[in-house]
Amino acid sequence: MTAAPAAVPSTFLHGAGAVGDIILARDWTASTLGPIAGWTPTMRGVVAMMVRSPIAMVTMWGGQGTLIYNEAYSSFAGARHPEIMGMTAAEAFPEIAEFNREIIPAVLGGRPLSFKDQELTWMRDGRLQRYWLNLDYSPIFDEHDQAVGIICVVVDTTDKVLAERKIKGEHGRLAQMFEQSPGFMVLLLGPQHVITQANPAYLELIGHRDVIGRSVAEAVPETIEQGFVGLL
């Protein structure tokens, strides 16, 4: 007689919240992973850890990247959650299938990958939405030192990227105004009044001297006698 498969430990996803309940309730028989009772200790351990993490994480198993993810990650799925639990990456997110098609074999080959402010666009809640994400992919090795899956930590940097772009745009507009001003304009930094920027009108006034990075007193010494340094 052959031994019956070992039962899934009762503590496997105990207290793991709504996503843990979804994983336990799902019929995995037809999936590439098979029934939960047949999952390896490595897989159960990784999933149990990931589901309890407050950080957005997703695991992709096997060459097709079958998805299991946690509550924090489910927000990226929007209305697709929880239907995509157990789907392959290509089925769940066809809009970024090409991106994942390159990621999965590389990481399963043992090579971790990291992307900072990676721009990706996919359908969420009925419309295409654009995100910028920090993505850190690492291979998951089983007890035989074989890479059997991938774990990815996801950090949404969209607000940061958009804020930086807004600031950069404002700085660009100010710089353009500075350059095009017909009046004399100089930007000074610190108690030594170091010249960090001078517009064309000012440079013409002082004979196009090399003043950037030098203090006013050093670069334009006549301003001392004229009283301007004292005023500064």
Side-chain angles (χ1 to χ4, degrees), residues 50 53-58 69-78 93 95-96 98-100 102-103 106-107 109-125 127-139 150-232:
M50 180 263 303
S53 174
I55 300 169
M57 302 173 79
V58 57
Y69 52 87
N70 64 5
E71 184 70 32
Y73 182 87
S74 68
S75 63
F76 294 109
F93 295 103
E95 308 94 319
I96 56 173
E98 190 60 37
F99 180 77
N100 284 323
E102 297 180 6
I103 296 295
V107 182
R111 181 162 61 98
L113 294 174
S114 183
F115 300 88
K116 300 303 178 187
D117 297 331
Q118 173 68 45
E119 182 180 347
L120 292 172
T121 301
W122 67 86
M123 191 70 69
R124 183 175 182 270
D125 298 333
R127 63 187 179 91
L128 282 173
Q129 298 191 36
R130 183 166 55 169
Y131 293 90
W132 284 265
L133 307 169
N134 286 350
L135 302 167
D136 291 289
Y137 297 89
S138 299
I150 298 166
I151 187 164
C152 179
V153 177
V154 184
V155 177
D156 188 349
T157 61
T158 303
D159 289 345
K160 174 186 76 73
V161 170
L162 293 178
E164 288 174 349
R165 289 188 174 188
K166 181 179 179 181
I167 292 170
K168 186 177 180 180
E170 290 172 350
H171 284 178
R173 286 191 293 273
L174 287 173
Q176 186 177 30
M177 291 171 59
F178 189 93
E179 290 294 315
Q180 295 177 352
S181 172
F184 311 133
M185 296 183 69
V186 183
L187 184 63
L188 309 177
L189 179 67
Q192 299 303 313
H193 319 302
V194 175
I195 300 173
T196 61
Q197 193 171 348
N199 74 346
Y202 182 79
L203 292 174
E204 184 175 353
L205 174 70
I206 63 172
H208 296 282
R209 293 181 233 178
D210 183 14
V211 297
I212 304 300
R214 303 167 67 189
S215 69
V216 171
E218 177 189 7
V220 197
E222 59 268 31
T223 57
I224 301 174
E225 189 174 320
Q226 293 167 350
F228 291 113
V229 173
L231 288 173
L232 292 173

Let me confirm one number: the [atom1]-[atom2] distance from [X] to [Y], rounded to the nearest 0.5 Å.
X	Y	atom1	atom2	answer
L232	H193	CG	NE2	5.0 Å
I167	R165	CD1	CZ	13.0 Å
L203	Q197	CG	CD	10.0 Å

Looking only at atom types and distance, does a side-chain atom of [X] sit under 3.5 Å from a main-chain N or O of [Y], one as donor and one as acceptor?
X	Y	answer
T157	W132	yes
E95	M123	yes
S53	M50	no
N100	I103	no
T158	Y131	no

Taking atom [atom1] of [X] as the centre, report whether more than 12 heavy atoms of other residues, nucleotides or ligands fall under 6.0 Å from it.
X	atom1	value
E204	CD	no
D159	CG	no
Q192	CD	no

Measure the shortest side-chain to side-chain distance between [X] and [Y] over non-hydrogen atoms and say whether it is less than 4.5 angstrom.
X	Y	result
L188	I195	yes
F76	V58	no
V186	V216	no
V154	Y69	no
N134	D117	yes
L113	R111	yes

With sequence neighbours left out, what residues match S114 under side-chain contact (heavy atoms from CB on, under 4.5 Å)? K116, D136
Please identify each residue that fulfils side-chain contact (heavy atoms from CB on, under 4.5 Å) with R209, with sequence neighbours left out. I206, V211, V220, P221, E222
Using every non-hydrogen atom in the two residues, find where [X] and [Y] come nearest and quote the distance to one decimal.
X	Y	value
G183	A201	O-CB, 3.5 Å
A72	P54	CB-O, 3.5 Å
I55	N70	O-ND2, 2.7 Å

I'd like to check the ring pair (Phe, Tyr, Trp, His ring centres under 6.0 Å) partners of F184; sequence neighbours left out, ordered by chain and number. none
Hey, can you tell me if F99 and Y137 have their rings parallel, tilted or perpendicular (30° and 60° cut-offs)? tilted
Carboxylate-amine/guanidinium proximity below 4.0 Å for E164 and K160: yes
